There are 2 protein chains.
Amino acid sequence: MSGLRAIKKRKTRRAIMDAAVKLFSEKGFENTTVNQLAKEAGVGKSTIYGYFQSKNEIFLAFCEDEINFVFTDLAEKRDPDTPIEKQLLTLFMEQLRYVSRNYDFGRILVREMIFPKELTMEKSNDLSERYLGALGEILTRAISRGELRDDLDLLYISGHFYAFYLLVLSAWYQRRLQNEQEVEDALRKLMQQAMEGLAPGNGQHHTNKR
Amino acid sequence: MSGLRAIKKRKTRRAIMDAAVKLFSEKGFENTTVNQLAKEAGVGKSTIYGYFQSKNEIFLAFCEDEINFVFTDLAEKRDPDTPIEKQLLTLFMEQLRYVSRNYDFGRILVREMIFPKELTMEKSNDLSERYLGALGEILTRAISRGELRDDLDLLYISGHFYAFYLLVLSAWYQRRLQNEQEVEDALRKLMQQAMEGLAPGNGQHHTNKR
DNA sequence: GCAAAAATCCGACTGCGGTCGGTTTTTTTG
DNA sequence: CAAAAAAACCGACCGCAGTCGGATTTTTGC
């Protein structure tokens with residue numbers, strides 16, 4: 001059978017991933033060469049390309065692990081019955097913090113996830129799928145609690161909020177939003193707008209505000 | 001003075017741009033090498049790097065021209081007093097069509113614009129700035145016509161709609177939205193949601209729809 | 001248990017984007 | 001107008017990601 005072979009394979013893969021984690025976090029993604037990865041992992045260069053299609057994909061694989069971790073971690077400590085705005089805020093901010101622990105790191109992740117090349121399409125769609133799934137769950141509960149309209153398509157509500165996440169991510173990477181507090185404020189405002197509606201006559205608590 | 005010099009400089013720059021337009025549209029961005037560009041333009045390779053900092057920047061310069069064109073073109077044929085949703089729809093769809101005339105083309109543009117590297121940051125912020133400016137103008141008129149609430153921060157309204165554009169762009173590049181019609185429908189739905197609000201009790205024309 | 005087949009591994013090699021030193025062309029200066 | 005200074009130009013060169021043909025290890029068939 002394929003006993004020994006499979007074990008070795010997993011071991012090699014693990015070795016590559018370990019090397020990636022170590023070197024990427026030590027010196028960043030851009031400053032780590034595939035040769036260095038190979039040496040650190042104790043394998044040949046093309047062996048790596050037998051396991052991953054590109055340097056970016058090694059990176060995405062690493063992200064996949066981490067994202068799973070963040071999600072389960074988050075699922076545990078999130079109270080599923082706090083108001084929807086608060087839950088989403090926590091989710092988004094957690095993601096942002098995660099994504100931008102290392103600047104290159106985050107940029108590559110979001111670039112690949114949000115505007116994938118053909119090559120990495122599959123992997124990155126996996127990640128997005130998981131993300132939207134988690135979002136959908138939170139929103140479904142909110143709908144059933146009566147915090148959101150129930151006459152809308154769930155997908156489009158998810159999309160609506162996900163769009164905000166994309167926006168702040170983008171603003172973050174364009175340095176328009178400079179620190180976490182600004183991001184949080186922006187998200188809060190946007191979500192409030194979304195809930196109340198932009199058309200006149202909606203939720204104008206204090207019409208003559210200014 | 002610096003007559004001859006300046007003329008020549010402009011000519012060289014133009015030659016490079018022309019070569020870029022030709023080769024990029026002929027063979028795509030990824031399949032065009034800087035050497036080929038140099039040969040086509042009739043200059044040395046490093047001359048190119050005297051005019052542009054990177055291959056991507058050549059591309060952005062090209063985009064800048066084109067975006068200006070699209071904007072002025074659009075400004076002319078857009079009726080500034082049609083309903084806001086319709087105007088935005090036209091703007092976004094026009095942009096999408098522009099961006100995705102060539103697949104690589106669009107992906108690189110949006111990647112660089114939305115998640116810029118340090119190097120291209122300046123140039124790409126220019127482009128975003130222009131974009132948000134145009135958006136802001138449209139929205140200001142809409143507010144003064146009473147189509148939008150006047151108690152909100154203009155920047156955040158722009159952001160709200162811009163977020164939708166990012167979302168559909170992303171969905172487009174992830175192949176979740178497969179043709180222009182789907183994109184248009186999605187945008188329409190999202191904008192309607194945004195106008196009405198997501199909280200219960202807002203604009204539920206036909207509560208028992210399904 | 002051994003040969004043939006299959007899977008895995010390897011480092012020399014290719015072609016790319018980008019840089020560097022030296023050369024030519026234009027401008028400035030006296 | 002000559003010569004020094006400045007600007008623009010060039011192609012050989014570098015380090016990188018990714019590939020290729022062949023060597024090595026594991027599995028399979030008998």
Side-chain angles (χ1 to χ4, degrees), chain A residues 1-20 23-24 26-62 104 107-108 111-112 116-120 123, chain B residues 1-20 23-24 27-62 104-105 107-108 111-112 116-120 123:
Chain A
M1 293 252 154
S2 54
L4 204 135
R5 194 157 207 104
I7 289 173
K8 199 171 171 190
K9 237 185 126 166
R10 235 173 315 163
K11 228 163 96 180
T12 306
R13 194 188 156 85
R14 169 56 64 103
I16 296 171
M17 289 288 288
D18 285 349
L23 295 186
F24 286 164
E26 242 172 60
K27 334 192 305 170
F29 177 80
E30 319 247 279
N31 296 320
T32 303
T33 74
V34 177
N35 269 318
Q36 290 168 336
L37 279 178
K39 199 169 227 174
E40 174 76 28
V43 301
K45 187 172 179 173
S46 2
T47 301
I48 290 187
Y49 285 92
Y51 288 85
F52 303 95
Q53 299 209 35
S54 68
K55 194 182 170 193
N56 273 13
E57 206 188 283
I58 302 174
F59 192 79
L60 286 180
F62 168 56
D104 285 345
R107 195 186 49 246
I108 294 171
R111 278 189 175 189
E112 287 296 333
K117 288 193 194 185
E118 305 297 344
L119 259 177
T120 46
K123 192 132 239 151
Chain B
M1 293 253 155
S2 55
L4 205 133
R5 192 155 209 109
I7 289 173
K8 199 171 170 191
K9 239 186 124 167
R10 236 174 314 163
K11 228 164 95 180
T12 306
R13 195 189 155 85
R14 171 54 66 102
I16 296 171
M17 290 287 288
D18 284 349
L23 295 186
F24 285 164
K27 334 192 304 173
F29 178 80
E30 319 248 280
N31 296 321
T32 304
T33 74
V34 177
N35 269 319
Q36 290 168 337
L37 279 178
K39 198 168 229 173
E40 174 77 29
V43 301
K45 186 173 178 174
S46 5
T47 302
I48 290 187
Y49 285 92
Y51 287 85
F52 303 95
Q53 299 209 35
S54 68
K55 194 183 170 192
N56 273 13
E57 206 188 283
I58 301 174
F59 192 79
L60 287 180
F62 168 56
D104 284 346
F105 182 105
R107 195 186 48 246
I108 293 170
R111 277 189 177 191
E112 285 297 333
K117 288 192 195 186
E118 304 297 344
L119 258 177
T120 45
K123 193 132 239 150

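Note that this is a predicted model, so its numbers are computed, not measured. So that the names make sense, note that chain A is the first sequence line, chain B the second, and so on, each numbered from 1. Any value given below was found using the heavy atoms of this structure, including those in side chains, with hydrogens, waters and symmetry copies removed.
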Engineer: Is the ring centre of A/F29 less than 6.0 Å from the ring centre of A/F59?
Structural biologist: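 Centroid separation for A/F29 and A/F59: below 6.0 Å.
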Engineer: Whole angstrom is fine here: how far is it from CD1 in B/I48 over to C1' in D/dA8?
Structural biologist: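 So the two atoms are 14 Å apart, to the nearest Å.
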Engineer: Rounded to whole Å, how long is the line connecting atom CD1 of A/I108 with atom P of D/dA17?
Structural biologist: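 Atom CD1 in A/I108 sits about 11 Å away from atom P in D/dA17.
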Engineer: For A/I48 and A/I58, which heavy atoms make the closest approach, and how far apart are they?
Structural biologist: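 Nearest pair, atom of A/I48 first, then A/I58: CG2-CD1, 3.8 Å.
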Engineer: For A/F29 and D/dC16, give me the distance from atom CZ to atom C1', rounded to whole Å.
Structural biologist: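 After rounding, the reported distance stands at 12 Å.
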Engineer: Side chain of B/Y51 only, please: which of D/dC9, C/dG17, C/dC9 is the nearest?
Structural biologist: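 Looking only at heavy atoms from C-beta outward on B/Y51, the closest nucleotide is D/dC9.
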Engineer: Establish, with yes or no, whether the OP1 or OP2 oxygen of C/dC16 is under 4.0 angstrom from a side-chain nitrogen or oxygen of B/T33.
Structural biologist: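 False: B/T33 side-chain N/O out of range (4.0 Å or more) of C/dC16 OP1/OP2.
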Engineer: Between D/dA8 and B/T47, is there an OP1 or OP2 to side-chain N/O distance shorter than 4.0 Å?
Structural biologist: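 The answer is no; no side-chain N or O of B/T47 sits under 4.0 Å from OP1 or OP2.
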Engineer: Provide a list of protein-nucleic acid N or O atom pairs under 3.5 angstrom, restricted to nucleotides 18-22 of chain D.
Structural biologist:
| from | atom 1 | to | atom 2 | distance (Å) |
| --- | --- | --- | --- | --- |
| D/dG18 | OP2 | A/Y49 | OH | 3.1 |
| D/dG18 | OP2 | A/K55 | N | 2.9 |
| D/dG18 | N7 | A/K45 | NZ | 2.9 |
| D/dG18 | O6 | A/K45 | NZ | 2.8 |
| D/dC20 | N4 | A/S46 | OG | 3.0 |

Engineer: Suppose we screen for salt bridge (Lys or Arg N to Asp or Glu O under 4.0 Å). Which residues come up paired with B/K55, at least two apart in sequence or across chains?
Structural biologist: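 Result, salt bridge (Lys or Arg N to Asp or Glu O under 4.0 Å) vs B/K55: none returned.
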Engineer: Tell me, do B/L60 and B/F52 make a side-chain contact under 4.5 Å, heavy atoms counted?
Structural biologist: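 Heavy-atom side-chain distance check fails, nothing below 4.5 Å.
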Engineer: In whole angstrom, give the distance that lies between atom NZ of B/K117 and atom P of C/dG17.
Structural biologist: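 About 13 Å, once rounded to whole Å.
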Engineer: Under the side-chain hydrogen bond (donor to acceptor under 3.5 Å, both in side chains) rule, collect the residues that match up with B/E57, sequence neighbours excluded.
Structural biologist: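 B/E57 satisfies side-chain hydrogen bond (donor to acceptor under 3.5 Å, both in side chains) with no residue once adjacent residues are dropped.
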Engineer: Decide yes or no for B/V43 and B/Y51: does some side-chain heavy atom of the first lie under 4.5 Å from some side-chain heavy atom of the second?
Structural biologist: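 Not touching, per the 4.5 Å side-chain cut-off.
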Engineer: Return the value, rounded to whole Å, for the distance between atom CD of A/Q36 and atom P of D/dC16.
Structural biologist: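 Going from CD in A/Q36 over to P in D/dC16 covers 7 Å.
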Engineer: Separation of B/I16 atom CD1 from D/dA8 atom P, in whole Å?
Structural biologist: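 So the CD1-P distance, B/I16 to D/dA8, works out to 12 Å.
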